[in-house]
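Right, one structure below, let's go through it.
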Amino acid sequence: MVVMAAKKACEMLSKSMFEEVQRWGCMKQTGVSLRYMMEFGSVPTERNLLIAAQFLHKELPIRIARRAIELETLPYGLSEKPAVLKVRDWYLDSFRDMRSFPEIKGTNDEKEFTQMIKAIKVRHNNVVPMMALGVQQLKKELGPKIVHEDLDEIHQFLDRFYMSRIGIRMLIGQHVELHNPNPPPHCVGYIHTKMSPVEVAQNASDDARAICLREYGSAPAVNIYGDPNFTFPYVPTHLQLMVFELVKNSLRAVQERHMDSDRVSPPVRIIVADGIEDVTIKVSDEGGGIARSGLPKIFTYLYSTARNPLDEDSDLGTGEAVIMAGYGYGLPISRLYARYFGGDLQIISMEGYGELII
């Protein structure tokens, strides 16, 4: 009788939880612009931080609930894959934490809330590789029957899912960083009001070359062209991720194409151009390019030209390991980061020569 009662209580809890997730998932979310975050966070007074926390207390459960609902209703049985179930549980845990936190009335409440959302952000650190593992589990199950064009629904879901994740992490990260007692010069939370794209490109290239050296024992040079004094307001971590992924791809392509050559590998080139309306960053290489038949697949989540590292190690906790390639996520995720604040990412390939990534 005790076991039955406990089971019934658990089922009731799950049902009530599901209903609350559904209710919050139907609410309208509020967009927040880079300009607004920059202006609002420029004076992080206790009152402003309190207002921001009260906004997040209502906004984050809406966004988290929407993703939890979608994770329950994915096509082709993707929702049932163990890795996807784990991600869904992370979202449900975070929703539960948000909803159980009482109304934020003062500074102490705000500080406790900030610590909680900081922990939520850490909990979700490995959502991308865990979802990649889920998709890989689906690919194995479908085997040769898989047709990329037939899986548009999954691609569209993952685009929405990861774009939403970028937004959630931006909101949390921005609020947490506004508590930094010694912020770097010209920084408003995550936003650098005078970010040098040349400097970020240099740092990202150094990181990518370090990974390439670790994997292959050598790495092509990266030459960067542009005015190091040119700056504009942006989120350095976003640009760092984009350039890192693109340069990492280029280095791998060049390294593997010229591995058996006696000549020095040709460098990867980065050009930073400041236009009237846009800032353009071009990454070009001589890595052999992509065959025309492969171009439609490069922005999907089911394609990679590298071996998949998740076959070898699927034990993902909350750490963030960096690998050279293999998820097939570098380009589509980078494009989402570019689009998050109104930009874009385009590929021009010359098969037999290399690529231009803009």
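Nothing fancy with the numbering, it's 1 onward along the sequence. Side-chain atoms are counted along with the backbone in the values below, which use heavy atoms only and exclude waters and symmetry mates. Just so it is clear, the structure is predicted and the values come from calculations on it, not from any experiment.
Here the closest non-hydrogen pair linking Ala338 and Leu345 is CB-N, 4.3 Å. Scanning all heavy atoms of the two residues, the minimum distance from Leu56 to Met98 falls at O-CE, 3.6 Å. Shortest non-hydrogen contact noted between Leu49 and His175 is O-CE1, 3.4 Å. Shown here for Leu178 and Gly41, the closest heavy-atom pair between the two residues is CD2-O, 3.5 Å. The two residues Leu78 and Gly134 make their nearest non-hydrogen contact at CD1-O, 3.6 Å. The two residues Ala68 and Tyr91 come nearest to each other via the heavy atoms CB-CB, 4.2 Å.
Glu110 and His179 are linked by a side-chain donor-acceptor pair at a separation below 3.5 angstrom, with hydrogens and angles left out of the test. For Glu256 and Tyr216, the side-chain atoms include at least one donor-acceptor pair closer than 3.5 Å. In this structure, a donor-acceptor pair under 3.5 Å is present between the side chains of Glu46 and Thr107. Looking only at atom types and distance, the side chain of Ser218 has a donor-acceptor partner in the side chain of Gln255 under 3.5 Å away. Neither side chain, Gln156 nor Asp152, offers a donor N or O lying under 3.5 Å from an acceptor on the other. Under 3.5 Å, the side chains of Ser164 and Arg66 contain no donor-acceptor pair of N or O atoms.
At a threshold of 4.5 Å between non-hydrogen side-chain atoms, the residues Met131 and Phe157 count as touching. Looking at Gln174 and Ile191, their side chains come closer than 4.5 Å, going by heavy atoms from C-beta outward. Put simply, the side chain of Glu199 reaches to within 4.5 Å of the side chain of Asn203, judged on heavy atoms. Taking the side chain as every heavy atom from C-beta outward, Pro332 and Leu336 never approach each other to under 4.5 Å. Using a 4.5 Å heavy-atom cutoff, the side chains of Met170 and Tyr340 are in contact. Looking at heavy atoms from C-beta onward, Cys212 lies in side-chain contact with Pro220 at the 4.5 angstrom threshold. Using a 4.5 Å heavy-atom threshold, the side chains of Asp274 and Phe232 count as separate. Tyr225 places none of its side-chain heavy atoms less than 4.5 Å from the side chain of Val198.
Residues Val268 and Ile271 fall into different hydrophobic clusters, defined by Ile, Leu, Val, Met, Phe, Trp and Tyr side chains chained together at heavy-atom separations under 4.5 Å. Both Leu71 and Met27 are members of a single hydrophobic cluster when ILVMFWY side chains are connected at heavy-atom separations under 4.5 Å. A chain of hydrophobic side-chain contacts below 4.5 Å, direct or via other Ile, Leu, Val, Met, Phe, Trp or Tyr residues, connects Ile51 to Phe101. Linking ILVMFWY side-chain heavy atoms closer than 4.5 Å, directly or via other members, places Tyr36 and Phe55 in a single hydrophobic cluster.
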Please walk me through it: do Ile270 and Ser205 pass side chain to side chain contact (heavy atoms under 4.5 Å, CB included)?
CA-CA 9 Å; Ile270 302 176; Ser205 300; 3.3 Å; yes
Quick one: do Trp24 and Ile64 satisfy side chain to side chain contact (heavy atoms under 4.5 Å, CB included)? Show the steps, please.
CA-CA 9 Å; Trp24 278 81; Ile64 290 168; over 6 Å; no
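Taking a cutoff of 4.0 Å between a charged side-chain nitrogen and a carboxylate oxygen, Lys81 and Glu141 qualify as a salt bridge. Residues Glu20 and Arg99 are paired through a salt bridge, judged by an N-O separation under 4.0 Å between the basic side chain and the carboxylate. A salt bridge links Asp93 to Arg96: one of the charged nitrogens lies within less than 4.0 Å of a carboxylate oxygen. A salt bridge links Arg269 with Glu286; the closest basic N to acidic carboxylate O contact falls under 4.0 Å. Between Arg123 and Asp97, at least one side-chain N (NZ, or NE/NH1/NH2) sits under 4.0 Å from a carboxylate O, which counts as a salt bridge.
With Ser196 contributing its side chain and Thr231 its backbone, the two residues share no donor-acceptor pair below 3.5 Å. Looking only at distances, no side-chain donor or acceptor of Thr114 sits under 3.5 Å from a matching main-chain atom of Val176. Without hydrogens or angle criteria, Asp278 side chain to Thr280 main chain gives no donor-acceptor distance under 3.5 Å. Between the side chain of Ser79 and the backbone N or O of Leu74, at least one donor-acceptor pair lies under 3.5 Å. Counting only distance, with no hydrogens or angles, the side chain of Asp109 and the backbone of Lys105 share a donor-acceptor pair below 3.5 Å. Looking only at distances, no side-chain donor or acceptor of Arg63 sits under 3.5 Å from a matching main-chain atom of Gln29. Looking at Glu59, its side chain does come within 3.5 Å of a backbone N or O of Thr30 through a donor-acceptor pair.
Here the NZ-CD distance, from Lys140 to Gln136, works out to 6.0 Å after rounding to the nearest 0.5 Å. For the atom pair Leu246 CG and Ser284 OG, the distance stands at 11.5 Å (nearest 0.5 Å).
Residue Arg23 places its CZ atom among more than 12 non-hydrogen atoms of other residues, nucleotides or ligands, all under 6.0 Å distant.
Proximity of the aromatic rings of His192 and Tyr234 is defined here by a centroid distance below 6.0 angstrom, and this criterion is not met.
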